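For the numbers below, each heavy atom of this structure counts, side chains included, while hydrogens, waters and symmetry mates do not. Positions are given from 1, in the same order as the sequence printed here. A quick note: this is a predicted structure, and the numbers were derived from the prediction, not measured.
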Amino acid sequence: MSNELLSPAEMGEADRLAIAAGPLDGFGLMRRAGEAVAAVVLARYPAARRVHVLCGPGNNGGDGYVVAGVLRDSGVDIRLWASGPPRAGSDAAIAAAECPVAPRPLSAFNAEKNAVVVDALYGAGLSKPLSGDAARAVEIVTTLNLPVVAVDLPSGVSGESGNRLGQAFRADITVTFARKKPGHLLLPGRDLCGEIVLADIGIGAEIIAQLKTQAFENVPALWRDMLPMPAVDAHKYKRGHAGVFSGGPSATGAARLSALAAARSGAGAVTVLSPANAMQVNAAHLTSIMLRKADTVEDVHDFIGDRRPSAFVLGPGFGVGDKTRDFALAILGAGRQGAAGAGRQNAAGAGRQNAAGGIDGLVLDADGITSFRDEPDTLFEAARRPAAPALVMTPHEGEFGRLFPDIAGDNSLSKLIKARAAAARANAIVLYKGADTVIAAPNGRTAINSNGAPWLATAGSGDVLAGIIAGLLAQGMPPFEAACAAVWIHAEAGSRFGPGLIAEDLPLAMVPVLRALIGSRKGIAG
């Protein structure tokens with residue numbers, strides 16, 4: 001698996017471990033990195049009039065010296081600009097000494113149209129804003145609109161957070177090594193990286209495994225093998241039963257979107273739990289989705305006892321207030337019923353694969369989250385009880401700030417670290433939504449989604465996402481993997497549908513995505 005994400009510090013440790021293991025030394029890794037970047041430049045810009053290579057004083061600059069030498073040997077017209085000499089005795093100093101191109105001072109940098117720029121100034125380890133000659137170089141390249149190939153990460157972008165540290169290059173292509181960094185996927189870094197090329201420089205999977213990283217890119221390889229597959233003898237209740245709470249007569253649509261998404265994701269039975277005064281409205285729009293009255297906590301307990309649902313969605317269109325809190329706490333307090341929950345662990349655990357009953361999870365979205373803004377600890381304490389079902393929360397930025405104001409307000413933390421801290425505090429899967437959605441589990445496992453689609457910015461899209469999560473949970477998929485899968489499937493469906501997408505389109509748009517995933521898992525075309 002190559003979807004691990006390495007922080008800049010972890011990447012440095014990977015370099016150290018690889019050098020210790022041999023046969024490559026530090027300069028050998030640097031040479032391979034520079035050769036990989038040069039190969040991309042030659043392949044993508046064969047007609048470039050000139051290539052300007054900008055080198056910093058560290059290892060990123062060392063990669064740049066190798067790039068300049070390889071391109072020069074390939075007949076490319078090279079200009080090499082250095083911000084300063086590498087540290088004596090360093091691998092970068094060796095690369096500079098071997099480079100056949102004499103460096104010019106970065107302070108004198110100038111360029112012309114039709115040139116290509118290789119940014120080898122600072123890379124992923126930068127922790128402060130660009131200034132002086134480096135900032136001026138960014139201005140020149142931006143003004144001329146020159147194509148940029150960045151080494152590891154565009155200079156001015158944090159490899160840890162993806163934040164722009166003052167001025168930054170906007171790369172057309174970013175060549176990184178061994179594994180991606182969080183800054184490649186978190187915004188605005190993802191946008192500033194352009195196309196990302198992952199180059200193998202000889203740091204093998206056995207080296208990466210020693211790091212025991214807890215961060216991943218959210219791709220199907222992370223969860224595809226856990227997607228629910230109905231057995232030959234399956235009936236609807238063996239495939240899981242999801243309950244979705246509806247709002248009042250004028251706010252029923254969100255619940256129906258969630259319910260349909262839960263059904264499309266494979267739940268064998270889905271029930272909309274409606275207040276009495278909205279029963280007729282819901283009944284007029286539901287066919288394969290069941291309907292039941294739920295006005296009180298007693299109604300919720302009766303439904304759990306009668307129908308043994310395995311997952312719930314609470315929040316979309318439901319309203320903010322005491323009733324929402326009471327329903328959420330009732331579900332979390334219902335727990336896993338006796339032996340039915342055996343084998344299922346907490347939100348970070350391995351999931352439950354049985355049909356005997358017990359609640360696997362509560363997806364708390366929208367109004368469900370906001371209802372706890374004044375007493376979040378009440379929710380978190382309920383989620384910490386040993387028998388509590390998994391809690392999955394799906395806040396956007398504003399909702400995240402309502403439940404976790406101190407974490408949200410700490411600008412020194414990346415979105416990944418914020419989501420991880422929130423998940424640990426709440427003992428919940430926290431799905432911190434956005435174009436760079438982050439999914440975090442209480443045990444520290446974290447995934448960053450990278451297939452976000454702009455077409456999903458439409459009313460009701462989040463309701464569909466909540467329903468997909470619940471549908472997968474209802475079938476016994478582990479909570480973290482269910483959340484990751486739902487986010488990816490939701491985005492992929494939006495991308496494939498494209499312009500004109502509205503939330504009502506998403507449940508049906510999921511079908512070819514699910515078909516392809518299941519087909520690839522079974523080893524057939526899909």
Between D505 and G500, what is the shortest heavy-atom contact and its length? OD2-O, 3.8 Å
Do the side chain of R425 and the main chain of R420 share a donor and acceptor less than 3.5 angstrom apart? no
Is there a donor-acceptor contact under 3.5 Å from the side chain of S74 to the main chain of V76? no
Would you compute the distance between atom CG of L54 and atom CH2 of W81 and round it to the nearest 0.5 angstrom? 9.0 Å
Considering only NZ, NE, NH1 and NH2 on the basic side and carboxylate oxygens on the acidic side, decide whether K180 and D152 come within less than 4.0 Å. no
If I compare all heavy atoms of H184 with all of C193, which pair ends up nearest, and what's the gap? CD2-SG, 3.6 Å
Any sub-3.5 Å donor-acceptor pair from D133's side-chain atoms to L106's backbone N or O? no
Under a 4.0 Å N-O cut-off, is there an ion pair linking R256 with D463? no
Would the distance check show the side chain of K181 and the main-chain N or O of R179 forming a donor-acceptor pair, the cut-off being under 3.5 Å? yes
Would you confirm whether S371, through its side chain, and I369, through its main-chain N or O, come within 3.5 Å as a donor-acceptor pair? no
Minimum-distance pair of heavy atoms, taken over all atoms of I203 and A18: CG1-CB, 3.9 Å
Over all heavy atoms of both residues, which pair between P57 and A92 is shortest? Give the atoms and the distance, please. O-CB, 4.4 Å
Donor-acceptor contact below 3.5 Å, side chain N59 vs main chain G62: no
Side chains of P129 and Q167 in contact at under 4.5 Å (non-hydrogen atoms): no
Donor-acceptor pair, T446 side chain versus A440 backbone, under 3.5 Å? no
Sequence neighbours left out, what pairs pass side chain to side chain donor-acceptor pair (under 3.5 Å) with at least one residue falling in residues 407-417? D410-S412, K415-D436
Side chain to side chain donor-acceptor pair (under 3.5 Å) contacts touching residues 89-108 (sequence neighbours left out): R31-E98
Any salt bridge between D77 and R72, counting N to O under 4.0 Å? no
Looking at L165 and S127, what are the two nearest heavy atoms and their distance? CD1-C, 3.9 Å
Between CZ of F177 and CG of D15, what distance do you get to the nearest 0.5 Å? 10.0 Å
Decide whether N218 and W223 meet the rule of one side-chain donor and one side-chain acceptor closer than 3.5 Å. yes
So does E195 pair up with R44, basic N to acidic O under 4.0 Å? yes
CA sep, side-chain torsions, deciding dist, call: F380, F404, ring-ring contact (aromatic ring centres under 6.0 Å, His included): CA-CA 11 Å; F380 304 160; F404 308 100; 5.4 Å; yes
Which distance, rounded to the nearest 0.5 Å, do you find between the CG of L465 and the NE2 of H490? 5.0 Å
Could you tell me whether the side chain of S461 and the main chain of L456 form a donor-acceptor pair under 3.5 Å? yes
Are the side chains of L431 and I469 in contact, using a 4.5 Å heavy-atom criterion? yes
Regarding K433 and D365, does a basic nitrogen lie under 4.0 Å from an acidic carboxylate oxygen? yes
Does a donor on one side chain and an acceptor on the other come within less than 3.5 Å for S7 and E160? no
According to the side chain to side chain donor-acceptor pair (under 3.5 Å) rule, which pairs have a member within residues 110-125, sequence neighbours left out? R50-E112, H52-E112, D119-S155
Would you say the side-chain atoms of S161 pair up with the backbone N or O of S158, donor to acceptor, closer than 3.5 Å? no
Do I407 and F400 have side-chain heavy atoms sitting under 4.5 Å apart? yes
Does the distance from a Lys or Arg side-chain N to an Asp or Glu carboxylate O, for R16 and E13, drop under 4.0 Å? yes
Minimal heavy-atom distance between V157 and A168, with the atoms involved, is CG2-CB, 4.0 Å
Atom CG in L146, atom CZ in F169: separation rounded to 0.5 Å? 10.0 Å
